[in-house]
Amino acid sequence: MQIAILLYDRFTALDAAGPYDTLAPLPGAETVFVAEQAGPVRNDRGTLTLVAERSFAEVTRPDIVVVPGAPPEAVEPHLAGGPLLDWLRAVDTMTTWTTSVCTGSLLLGAAGLLKGRRATSHWLALEELRAFGATPTAQRVVMDRKYVTAAGVSAGIDMGLTLAGEIAGDRHAEAVQLLLEYDPRPPYDAGSPHTAPAELVEHFRAKGIPQV
């Protein structure tokens, strides 16, 4: 089972790392980081680099694809087309599961893969899914047949655990969760626009997803 985690310039690190740590333990999994060209790829802060071991041309039949998100200025250049969307369309014909985290769902949408499907994204980008024919759904993880989308950033961990349970069973996913000691108890109740202070929510609604 090959799990291909997409990298592109200024991706959000946790969007890739969360699914990596929850999906890599699947029995028989081969996890690869892939980009248009093999080599180092910098994150959205420009301070962390992951290495894509393989290029698009080398990864043509993955079983699972994970598309991380990024700030708007990193996602938007790809929405009109290009090698990244071409690769997503091509490998989607072969995947068992096609997944995304945060604004990665906008890339799936731009590739034409979410038409008529329910999907989620970062809460500030959720309504943008309508432009691609998807139905925005404000849930942390949304499954619509083989398409699994996760909300903002940290939701990639939940997506990975959800998919791990679908593939290998609840006991396997529970074991992964336990070994990661994934037992969230945040010091603040501000992780959702429904619970965060109203003035903070409005600040980011006006400003949009922060740019680097």
Side-chain angles (χ1 to χ4, degrees), residues 3 5-7 10-26 31 33 42-50 64 66-75 97 99-108 118-129 136-144 147-168 170-212:
I3 303 169
I5 301 177
L6 174 65
L7 298 180
R10 291 176 290 173
F11 72 98
T12 298
L14 186 56
D15 288 12
Y20 172 81
D21 278 330
T22 48
L23 293 174
L26 282 167
T31 307
F33 288 96
R42 63 175 180 159
N43 78 328
D44 52 9
R45 296 185 180 276
T47 56
L48 183 147
T49 298
L50 292 183
I64 301 172
V66 178
V67 182
E73 72 274 14
V75 171
W97 301 95
T99 77
S100 68
V101 182
C102 196
T103 54
S105 59
L106 301 184
L107 295 171
L108 293 184
R118 298 165 60 251
T120 192
S121 190
H122 191 284
W123 64 275
L124 285 170
L126 191 58
E127 287 302 312
E128 296 180 41
L129 287 169
T137 305
Q139 296 175 358
R140 193 157 172 84
V141 178
V142 175
M143 300 187 71
D144 192 324
Y147 298 94
V148 189
T149 55
V153 193
S154 64
I157 298 172
D158 297 57
M159 185 276 289
L161 287 172
T162 299
L163 189 53
E166 286 288 321
I167 294 170
D170 293 341
R171 183 57 61 89
H172 170 84
E174 289 170 346
V176 172
Q177 181 179 3
L178 176 60
L179 292 174
L180 290 176
E181 202 169 346
Y182 179 53
D183 184 22
R185 300 183 187 187
Y188 303 101
D189 190 16
S192 158
H194 304 294
T195 60
E199 66 274 14
L200 194 60
V201 173
E202 291 309 311
H203 169 78
F204 285 110
R205 285 198 190 279
K207 182 178 179 181
I209 298 176
Q211 298 187 353
V212 177

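Nothing fancy with the numbering, it's 1 onward along the sequence. For clarity, every value in this text was computed on a predicted model and none was experimentally measured.
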Enter the distance from L14:CG to L48:CG here, rounded to the nearest 0.5 Å. 11.0 Å
Using only atom types and a distance under 3.5 Å, with no angle test, would you say the side chain of D144 pairs donor to acceptor with the backbone of R118? yes
Gap between atom NE2 of H194 and atom CH2 of W123 - 0.5 Å precision: 9.5 Å
Pair R205-E202, side chain to side chain contact (heavy atoms under 4.5 Å, CB included): steps then yes or no: CA-CA 5 Å; R205 285 198 190 279; E202 291 309 311; 3.8 Å; yes
Test item: T195 side-chain N/O and D189 main-chain N/O as donor-acceptor pair under 3.5 Å: yes
L23 and L163, any side-chain heavy atoms less than 4.5 Å apart: yes
Show your reasoning for whether side chain to side chain contact (heavy atoms under 4.5 Å, CB included) applies to N43 and L50. CA-CA 8 Å; N43 78 328; L50 292 183; over 6 Å; no
Donor-acceptor pair, side chain of T120 and main chain of R140, under 3.5 angstrom: no
Are any of the side-chain heavy atoms of L200 and P193 separated by less than 4.5 Å? no
Heavy-atom nearest pair, A70 first then R10, reads CB-O, 3.2 Å
Atom pair OG (S105) and NE2 (H122), whose distance is rounded to the nearest 0.5 Å: 11.0 Å
Within the supplied structure, the quantity of interest is the number of heavy atoms (other residues, nucleotides, ligands) at a distance under 6.0 Å from Y147 OH; does it exceed 12? yes
Residue pair L108 / V67: nearest heavy atoms and the distance that separates them: CD2-CG2, 3.9 Å
Evaluate the criterion side chain to side chain contact (heavy atoms under 4.5 Å, CB included) for residue pair T22 and M159; output intermediate values, then yes/no. CA-CA 9 Å; T22 48; M159 185 276 289; over 6 Å; no
Counting only N and O atoms by type, is there a donor-acceptor contact under 3.5 Å from the side chain of T137 to the main-chain atoms of Q139? no
Roughly how far, to the nearest 0.5 Å, is the CG atom of L106 from the CG atom of L126? 9.5 Å
Distance from D44 atom CG to I209 atom CD1, nearest 0.5 Å? 11.0 Å
Sidechain-backbone polar pair: D158 side chain, T162 backbone, donor-acceptor under 3.5 Å: no
Is there side-chain contact between P19 and V101, with at least one heavy-atom pair below 4.5 Å? yes
In short, P25 meets Y20 closest at the heavy-atom pair CD-O, 4.3 Å
Test your reading of the model: is there a side-chain donor-acceptor pair from T49 to the backbone of R42, 3.5 Å cut-off? no
Do you know which two heavy atoms are closest between S100 and G104, and how far apart they sit? CB-C, 3.6 Å
Least distance between heavy atoms, A150 atom then A155 atom: CB-O, 3.6 Å
To check you understand the geometry: which heavy-atom pair defines the closest contact between V153 and D15, and what is its length? CA-OD1, 3.0 Å
Take I64 and I167, measure what side chain to side chain contact (heavy atoms under 4.5 Å, CB included) needs, and give me the verdict at the end. CA-CA 11 Å; I64 301 172; I167 294 170; 3.7 Å; yes
Point-to-point distance, once rounded to the nearest 0.5 Å, from CG of D170 to CG of L161: 11.0 Å
